[in-house]
Amino acid sequence: VSSVPRRTVAMEPSSAPAGAFLSTVLGTFWTVFFASSVVGATNLLPGVSDTLRGFAKRGKADDGDDDGDVATDTTPKRKPRSRQSTVPHAWFTHFYVLGVLVNLVVLAHALQVAADLVTGGNTEGTVDGNPKTSISITNEIVSATRGALVTVLFQIHVTRRLLESFFVTKHRDGAQMHVVGYAVGLVYYVATPLTLAAPETLARMRAVLMNAIADGNAAAASAAYGQTVTSFGKTVWAFARTAVHGMYKITTSGVTYDSSQVQGLANAFLNLLNPRATFVLSGLLLFAIGNANQHACHARLASLRKDSVTSGGGSGSKVVESRGTDKSVPGSNPTTHYRIPRGGWFDLASSPHYFFEVVLYVGLFLCAGAGAVTRLAPMLAAICANLWVSAKQTHVWYGKNFPEYPKGRYVMVPGWA
């Protein structure tokens with residue numbers, strides 16, 4: 001493909017240390033996330049494990065059914081510690097809004113990097129001061145194109161989750177989640193797009209950000225801000241302007257495509273889909289299966305909110321079973337309006353939607369390729385551990401509150417766990 005002149009982004013010397021710092025931060029986050037989930041799930045540290053499970057509780061698992069807080073005829077049930085610092089469970093939508101916005105920025109740069117490399121208008125021009133060889137460019141094209149593909153797929157996934165949150169999900173009034181879990185969720189949807197991004201994409205974003213910070217610092221130091229304000233005020237203003245300017249630049253700088261780049265990028269994507277690309281094709285298949293089945297599970301859960309009575313038809317028409325309101329039935333609670341989900345994958349597991357989230361992330365993992373294993377493995381392990389904790393809490397809650405809950409259901413993975 002013929003080369004076309006491109007506006008390039010100059011790499012700053014400080015970009016490499018910044019890249020190492022970002023990798024360390026992301027790796028640390030996923031490691032801590034994984035370790036916290038394991039400790040919470042296995043009860044390795046009883047006091048700490050209880051606290052971590054309290055942070056992870058949400059929805060039905062955080063309806064006040066904590067062990068040890070039992071009401072008597074004369075003593076009202078004490079509000080559990082896990083509910084003393086909570087936010088509405090409906091705020092889950094914030095995660096998907098943030099994920100869509102952050103990933104859109106990453107996606108714009110990922111496509112630009114891949115297009116530049118495919119057409120020869122790469123963003124750096126040298127490696128360690130030496131001209132790039134055709135082999136290194138080819139390797140970069142594969143890495144950048146795989147990264148762009150993964151970012152496109154994650155955009156599809158998080159956009160689907162946002163639309164589900166608006167139009168499908170029905171949150172129970174009063175359902176809560178811990179504020180710590182909410183904060184971790186926000187960080188998660190910033191960390192995930194950055195972790196999935198190819199190194200070439202992050203390098204470009206760092207270069208843009210470093211250039212923007214340099215421009216912002218130079219402007220902040222100029223006399224345009226006046227000499228009448230205090231030194232403290234000037235410092236605050238300079239920091240604010242630099243931060244805003246940096247975010248603006250990293251969002252918009254140099255993201256343009258011409259027809260030759262679009263064609264070259266399309267060819268690069270098609271090259272990933274050749275019959276020999278077993279991992280990419282398998283990843284795409286798993287991603288599609290995971291998303292489709294997770295959506296079906298979410299739609300079935302949402303139907304529990306819409307149907308106020310149990311279907312009276314045959315076994316094929318019975319979708320839900322109402323929670324009993326007879327106080328003589330152990331575990332019944334007339335103030336709680338949850339029901340047992342039935343049909344589809346819910347006949348096999350309590351939280352199949354969590355299993356299919358793991359499936360779609362495995363699909364992303366395969367699409368990213370062997371070169372991304374060290375970058376994505378900690379993230380995938382953390383996601384699996386966290387979803388297992390949530391699935392286990394849900395499974396225990398169902399068994400505790402529904403004496404008739406099917407004993408043969410698995411926790412999360414149908415037929416296995």
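We number each residue from 1, following the sequence as shown.
- A 4.5 Å side-chain heavy-atom check between V100 and Q155 finds at least one atom pair inside the cut-off.
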Output, in order, the C-alpha distance, side-chain angles, deciding distance and verdict of side chain to side chain contact (heavy atoms under 4.5 Å, CB included) for C367 and L284. CA-CA 7 Å; C367 287; L284 288 172; 4.1 Å; yes
Between N291 and I156, does a side chain to side chain contact (heavy atoms under 4.5 Å, CB included) hold up when you go through it step by step? CA-CA 9 Å; N291 269 281; I156 293 172; 5.6 Å; no
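- A distance of 6.0 Å separates CZ in F269 from CG in L149, rounded to the nearest 0.5 Å.
- In this structure, CE on M379 lies 9.5 Å from SG on C384, to the nearest 0.5 angstrom.
- Under the ring pair (Phe, Tyr, Trp, His ring centres under 6.0 Å) criterion, H295 pairs with no residue, sequence neighbours left out.
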How far apart are the C-alpha atoms of T93 and L162, what are their side-chain angles, what is the distance that settles it, and do they pass the side chain to side chain contact (heavy atoms under 4.5 Å, CB included) test? CA-CA 7 Å; T93 302; L162 178 61; 4.0 Å; yes
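- Between A368 and L376 the shortest heavy-atom distance is CB-CD1, 3.5 Å.
- To the nearest 0.5 Å, the span separating CH2 on W388 from OH on Y354 amounts to 13.0 Å.
- Residues satisfying the side chain to side chain contact (heavy atoms under 4.5 Å, CB included) test with L163, not counting sequence neighbours, are T159, F167.
- Applying the ring pair (Phe, Tyr, Trp, His ring centres under 6.0 Å) criterion to Y405, with sequence neighbours excluded, gives Y398.
- If you look at W345 and F356, their ring centroids are closer than 6.0 Å.
- When atom types are taken as modelled, the side chain of T28 and the backbone of T24 share a donor-acceptor pair closer than 3.5 angstrom.
- Using modelled atom types, one side-chain atom of R300 and one backbone atom of R342 make a donor-acceptor pair closer than 3.5 Å.
- For D50, the side chain to side chain donor-acceptor pair (under 3.5 Å) criterion is met by R53, not counting sequence neighbours.
- A 4.5 Å side-chain heavy-atom check between V411 and S350 finds every atom pair outside the cut-off.
- A salt bridge links R160 to E164: one of the charged nitrogens lies within less than 4.0 Å of a carboxylate oxygen.
- Here L26 contributes atom CG and L196 contributes atom CG; the two are 10.0 Å apart, rounded to the nearest 0.5 Å.
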Please walk me through it: do R409 and I340 pass side chain to side chain contact (heavy atoms under 4.5 Å, CB included)? CA-CA 12 Å; R409 287 192 186 182; I340 299 175; 3.9 Å; yes
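- M412 CE to H353 NE2: the interatomic distance, rounded to the nearest 0.5 Å, is 10.0 Å.
- Although no hydrogens or angles enter the test, the distance criterion places a donor-acceptor pair under 3.5 Å between the side chain of N293 and the main chain of I289.
- Scanning for side chain to side chain donor-acceptor pair (under 3.5 Å) contacts around R375 gives an empty result, with sequence neighbours left out.
- Partners of W91 according to the ring pair (Phe, Tyr, Trp, His ring centres under 6.0 Å) rule, which considers only residues two or more places apart in sequence or in another chain, are H94, Y182.
- Residues F154 and L364 are in side-chain contact: their nearest non-hydrogen atoms beyond the backbone lie under 4.5 Å apart.
- The two residues A197 and V106 come nearest to each other via the heavy atoms CB-CG1, 3.7 Å.
- Counting only distance, with no hydrogens or angles, the side chain of N103 and the backbone of G99 share no donor-acceptor pair below 3.5 Å.
- Taking CG of N267 as the start and CD1 of I141 as the end, the distance is 11.0 Å to the nearest 0.5 Å.
- Taking 4.5 Å as the limit, every side-chain heavy atom of W30 sits out of range of all side-chain heavy atoms of F34.
- Between F279 and F365, the closest side-chain pair of non-hydrogen atoms is not below 4.5 Å.
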